[in-house]
Structure formats: C-alpha cells, structure tokens
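Quick one: the structure is below, questions incoming.
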Amino acid sequence: MSYPQQLTPEQKLAEAKQHLSIPHIVVICGSTRFMAEMAQADLRETVAGRIVVKPGFDMKSPHGLSTDPADAEAEVDAQTQTHTHTQVQALKVRLGELHRAKIRLADEVLIVGDYIGDSTRAEIAYARSLGKPVRFTHPEVAHDSCPMRHDP
C-alpha cells in the first residue's frame, strides 16, 4: 500500500500561490544606501506584473515609528535623540528575521545596486540555499555575491 507523501511547507505555499493565482513575487535585497534605486526597481517589477516586497525602511534615516510605548522607548532616547547600541542591534535582528521571511515568501530575489556587502551576501546565500533564483540590477557585481554559483 502506498501512502501519499506529505508536502513540505514550501510546497504547500507554492501550491497555494498557484491555486490563488498569485503573481510572481520578487523580493528586493541590497544595501539600504540604494533605497532610491530599490524604489525604481519596485516600479519596474510592478509594471512587469510582479508583486514586490523589499526593505521597509533605512535605519540610517529618520522614521518615527513609535506607536507602541514599549517600541517608543526602544526607538530613540528622547533626550539624546540616539539609539542605544543594544536597541539598534535588537531592531536589526528583528528586521533581518523579517527580511528572511520575505525571501522565503518570494519566488525570486533581485539584488539592487553596484555594491555587495556582508548582509546582502548573506541574503544571497540564504536565498540560494532555498533554491531561489537571484538576479542583479548590476550583473558585474554578481561575482562578489558569494563563493557559490551565480545565476544568469
């Protein structure tokens, strides 16, 4: 007697996206110094009929997100207008986890910019470990992405 094989969570997600006619999802990755270029890439991908997810904000720019009192305290010290190192690190960890979830959700990764730093290199390696195709707006930096193969 043969038993049906259980689907992995990734297979279930792919089936659900197909069943619901969800368009191709692209996650934009890259250094936050390229936020303007990310917005341009978002526009191009959206016009091409793709759903786009990308970093929500640049931690180096003012953002004023404190709506929850606990988050307000963690966001900025009102008197010094600075983040403590611990608070910044905790936020970076949460944002990294969120961005990896975006990579898992996406069908494809688009690397924006002409620079590949350590964080972007780690995102590329993570995406490739999941079997996600990786594209570059600047193909000449693909060789800097990681020691693994790079996609056309």
Side-chain angles (χ1 to χ4, degrees), residues 8-14 16-17 22-152:
T8 66
E10 293 81 8
Q11 291 168 323
K12 288 179 183 178
L13 177 60
K17 289 191 312 191
I22 302 292
H24 192 77
I25 301 173
V26 175
V27 61
I28 293 177
C29 298
S31 171
T32 56
R33 70 174 74 168
F34 299 116
M35 292 299 278
E37 290 88 343
M38 288 180 186
Q40 293 169 357
D42 185 345
L43 175 63
R44 286 190 304 272
E45 295 295 316
T46 299
V47 168
R50 299 178 187 103
I51 294 174
V52 178
V53 291
K54 63 183 186 346
F57 72 99
D58 170 7
M59 285 192 50
K60 297 172 188 108
S61 300
H63 46 80
L65 295 175
S66 33
T67 55
D68 175 55
D71 289 341
E73 185 178 317
E75 186 179 330
V76 175
D77 179 301
Q79 291 182 340
T80 64
Q81 292 297 303
T82 60
H83 299 272
T84 68
H85 179 72
T86 304
Q87 293 163 342
V88 169
Q89 290 310 111
L91 181 56
K92 283 183 179 181
V93 167
R94 286 197 327 254
L95 293 175
E97 291 168 355
L98 181 61
H99 202 65
R100 282 186 296 281
K102 292 175 184 179
I103 292 170
R104 289 190 303 276
L105 175 68
D107 300 303
E108 175 183 24
V109 176
L110 176 61
I111 305 300
V112 173
D114 60 1
Y115 164 79
I116 305 288
D118 291 340
S119 295
T120 303
R121 193 172 291 108
E123 292 168 347
I124 293 167
Y126 181 65
R128 287 181 172 154
S129 77
L130 299 172
K132 306 285 181 175
V134 179
R135 279 191 293 136
F136 296 82
T137 59
H138 293 73
E140 67 274 11
V141 300
H143 69 280
D144 294 335
S145 63
C146 66
M148 301 168 77
R149 65 162 178 82
H150 51 273
D151 303 315

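Just so you know, these numbers use all the heavy atoms, side chains as well, and skip hydrogens, waters and symmetry mates.
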**OP:** Could you tell me whether the side chain of Val27 reaches within less than 4.5 Å of the side chain of Leu105, counting heavy atoms only?
**Re:**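 Contact flag for Leu105/Val27 side chains = no.
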**OP:** Give, for atom OG of Ser31 and atom CD1 of Ile111, the distance between the pair rounded to the nearest 0.5 Å.
**Re:**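 The distance works out to 11.5 Å.
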Subject >> Arg135 side chain near Val26 side chain, heavy-atom distance below 4.5 Å >> reply: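 The answer is yes; the side chains approach within 4.5 Å.
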**OP:** Any chance you could measure Leu13, atom CG, to Thr8, atom OG1, to the nearest 0.5 Å?
**Re:**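 With rounding to 0.5 Å, CG (Leu13) is 9.5 Å from OG1 (Thr8).
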Subject >> Distance, nearest 0.5 Å, that separates OH of Tyr126 from NZ of Lys132 >> reply: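 It comes to 8.5 Å.
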Original post:
Atom CD1 in Ile103, atom CD in Glu108: separation rounded to 0.5 Å?
Top reply: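 Answer for the CD1-CD pair, Ile103 versus Glu108, is 12.5 Å.
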**OP:** Output the distance between atom CG (Leu110) and atom CE (Met38), rounded to the nearest 0.5 Å.
**Re:**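 Reported value, rounded in 0.5 Å steps: 9.0 Å.
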**OP:** Apply salt bridge (Lys or Arg N to Asp or Glu O under 4.0 Å) to Asp107 and list each qualifying residue two or more places apart in sequence or on a separate chain.
**Re:**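 Salt bridge (Lys or Arg N to Asp or Glu O under 4.0 Å) list for Asp107, sorted by chain: Lys17.
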Subject >> Reported CZ-to-CD distance for the pair Arg94 and Glu97, which is rounded to 0.5 angstrom >> reply: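 Rounded to the nearest 0.5 Å, the CZ-CD separation comes to 9.0 Å.
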Original post:
What is the minimum heavy-atom distance between Glu37 and Arg33, and which atoms define it?
Top reply: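 Shortest heavy-atom contact: OE1-O, 4.2 Å.
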Original post:
Passes side-chain contact (heavy atoms from CB on, under 4.5 Å), Val47 versus Arg44? Steps please.
Top reply: CA-CA 5 Å; Val47 168; Arg44 286 190 304 272; 6.0 Å; no
Subject >> Ile28 versus Pro55, closest heavy-atom pair with distance >> reply: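 Minimum heavy-atom contact is O-CD, 3.3 Å.
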Original post:
Which heavy atom in Cys29 sits nearest to a heavy atom in His99, and how many Å separate them?
Top reply: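 The answer is SG-NE2, 3.2 Å.
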Subject >> Gly49 to Pro23 - nearest heavy-atom pair and separation >> reply: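 Smallest heavy-atom distance, with atoms named: O-CB, 3.5 Å.
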**OP:** Could you give me the CA-CA distance, side-chain angles and deciding distance for Ile116 and Phe136, then say whether side-chain contact (heavy atoms from CB on, under 4.5 Å) is met?
**Re:** CA-CA 10 Å; Ile116 305 288; Phe136 296 82; 4.2 Å; yes
Original post:
Is it true that Lys54 and Glu45 have a side-chain N and a carboxylate O under 4.0 angstrom from each other?
Top reply: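 No, Lys54 and Glu45 are not salt-bridged.
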Subject >> Shortest non-hydrogen contact from Asp114 toward Phe34 >> reply: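 Nearest heavy atoms, Asp114 then Phe34: OD1-CZ, 3.3 Å.
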